[in-house]
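In this chain, numbering begins with 1 at the start of the sequence shown. Source: prediction; values computed, not measured. Whatever order the structure lists ligands and atoms in, that order sets their numbers, starting from 1.
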Amino acid sequence: MANMRISNLHLQFGGLTAVNNLSFDIPDNAVMSVIGPNGAGKTSLFNMITGFYRPTRGEILFDGVNIVGKKPSRITSMGMARTFQNLRVFPNLTVLENVMAGMHSRTKQGLLGALLRTPGHRKEEAWIRQVAEECIRFIGIEAYTDRLAKNLPYGAQRYLEIARALAIQPKILFLDEPAAGFNFSEKQDLIGLIGRIRETYRIPVVLIEHDMGLINKVSDHIMVLNYGQKLAEGKPQDVLNDPRVIEAYLGKEEEDEAV
Ligand SMILES: Nc1ncnc2c1ncn2[C@@H]1O[C@H](COP(=O)(O)OP(=O)(O)OP(=O)(O)O)[C@@H](O)[C@H]1O
């Protein structure tokens, strides 16, 4: 279980304020969705939490430690995993190799152990393989274990990213638009998977999503961003019926659809 508190987080790109003095807690063992119109600051927020962007100011406390300024690899090794809006699988590695590669951030044996093939290293490799295979089975892409990632159907590639994130046995998981490009039945499948992750791993899952149906079904908690600021936060039925949210987000979506 992770304890995560964001305080007065701010991100400035020159004259543009991407995230504006944002504070919130991530609830334990809950599915939290971060929603908002395009450019609202959702991905910038994920990038700050996972160390890819350095906030202009503010604090990100992860299990009581301020992680601002730490490198993404260090933050991963502390137990934070994420997926990306645009797929980042290694196309020329197999599914198993992709998942195992992601796990090396959390292993103890260094490069020297790997080069010398020490007993400690061999034991660790066997353990990594076992955990990777378990994650691949859990996600349901075991039929592709030995296939190159580039030869997988699109949906399986997205699932591979989730398997790779879970394999580091994270304390918290961030998913950036996990349903991007999915059809209706793939989205239903994803809703089931996110529920299983929460039940099995008992970790908070934080996702950025645009699909309101999916958000409504999967979330325990929703935070809405607009122009980098928190517009609303709470239970799905309250947030999704909030007139300010409808105006800022759903209203915009209707306009977009009408174009
Ligand atoms: N590296 C960067 N350099 C300059 N501006 C950036 C950078 N990253 C994001 N921005 C700007 O910050 C604002 C917030 O962008 P961000 O990608 O976080 O929004 P978002 O809510 O994730 O949008 P979307 O739903 O379209 O993914 C936007 O105006 C964007 O153009």
Side-chain angles (χ1 to χ4, degrees), residues 4 6-24 26 31-60 67-73 75 80-89 154 157-158 161-162 165 172-182 186-187 190 194 204-219 221-234 236 239-240 242 244-259:
M4 188 124 207
I6 298 342
S7 306
N8 305 313
L9 203 62
H10 197 91
L11 180 66
Q12 199 76 30
F13 291 111
L16 179 106
T17 304
V19 172
N20 193 350
N21 221 26
L22 183 65
S23 300
F24 64 98
I26 296 181
V31 177
M32 174 174 178
S33 294
V34 179
I35 69 171
N38 292 332
K42 306 178 294 293
T43 297
S44 296
L45 172 64
F46 269 32
N47 284 340
M48 285 191 284
I49 294 174
T50 51
F52 288 85
Y53 287 172
R54 193 186 176 116
T56 312
R57 57 177 184 273
E59 218 177 43
I60 304 169
I67 57 168
V68 167
K70 295 195 190 302
K71 290 192 181 125
S73 56
I75 292 174
M80 216 188 286
R82 77 172 287 185
T83 64
F84 292 85
Q85 208 169 323
N86 303 313
L87 286 169
R88 292 203 177 180
V89 295
Y154 172 76
Q157 291 196 21
R158 289 217 85 97
E161 275 223 314
I162 301 178
I172 187 165
L173 175 64
F174 292 87
L175 305 174
D176 194 347
E177 297 200 28
F182 276 8
E186 289 168 328
K187 284 178 184 169
L190 180 69
I194 292 172
V205 180
V206 188
L207 62 142
I208 295 175
E209 219 356 278
H210 285 289
D211 185 303
M212 284 298 159
L214 190 150
I215 290 160
N216 198 15
K217 277 192 192 156
V218 88
S219 316
H221 191 82
I222 296 179
M223 178 172 71
V224 188
L225 294 184
N226 199 24
Y227 299 110
Q229 283 179 307
K230 194 198 297 180
L231 183 67
E233 190 183 4
V239 171
L240 297 178
D242 184 327
R244 292 169 307 159
V245 175
I246 294 168
E247 190 188 330
Y249 192 81
L250 301 176
K252 174 135 192 334
E253 195 171 69
E254 276 160 21
E255 271 170 37
D256 288 349
E257 277 167 9
V259 173

Counting only pairs under 3.5 Å, give me each side-chain donor-acceptor contact of residues 48-58, with atom names and distances, residues two or more places apart or in other chains.
residue: T50; atom: OG1; partner: F46; partner atom: O; Å: 2.6
residue: T50; atom: OG1; partner: R82; partner atom: NH1; Å: 3.0
residue: T56; atom: OG1; partner: Q12; partner atom: N; Å: 2.8

>> Within this structure, what is the NZ-CD distance for the pair K42 and E209, rounded to the nearest 0.5 Å?
In response: 10.0 Å
>> Which residues pass the side chain to side chain donor-acceptor pair (under 3.5 Å) test with K70, not counting sequence neighbours?
In response: none
> Residues two or more places apart in sequence or in another chain: which of them pass side chain to side chain donor-acceptor pair (under 3.5 Å) with Q157?
Replying inline: none
> Out of curiosity, M212 CE to I222 CD1, how far, rounded to the nearest 0.5 Å?
Replying inline: 7.5 Å
> Which protein residues have a heavy atom under 4.0 Å from ligand 1?
Replying inline: F13, L16, A18, P37, N38, G39, A40, G41, K42, T43, S44, Y53, Q85, E177, H210
> Ignoring hydrogens and geometry, is there a side-chain-to-backbone donor-acceptor pair from K230 to M223 under 3.5 Å?
Replying inline: no
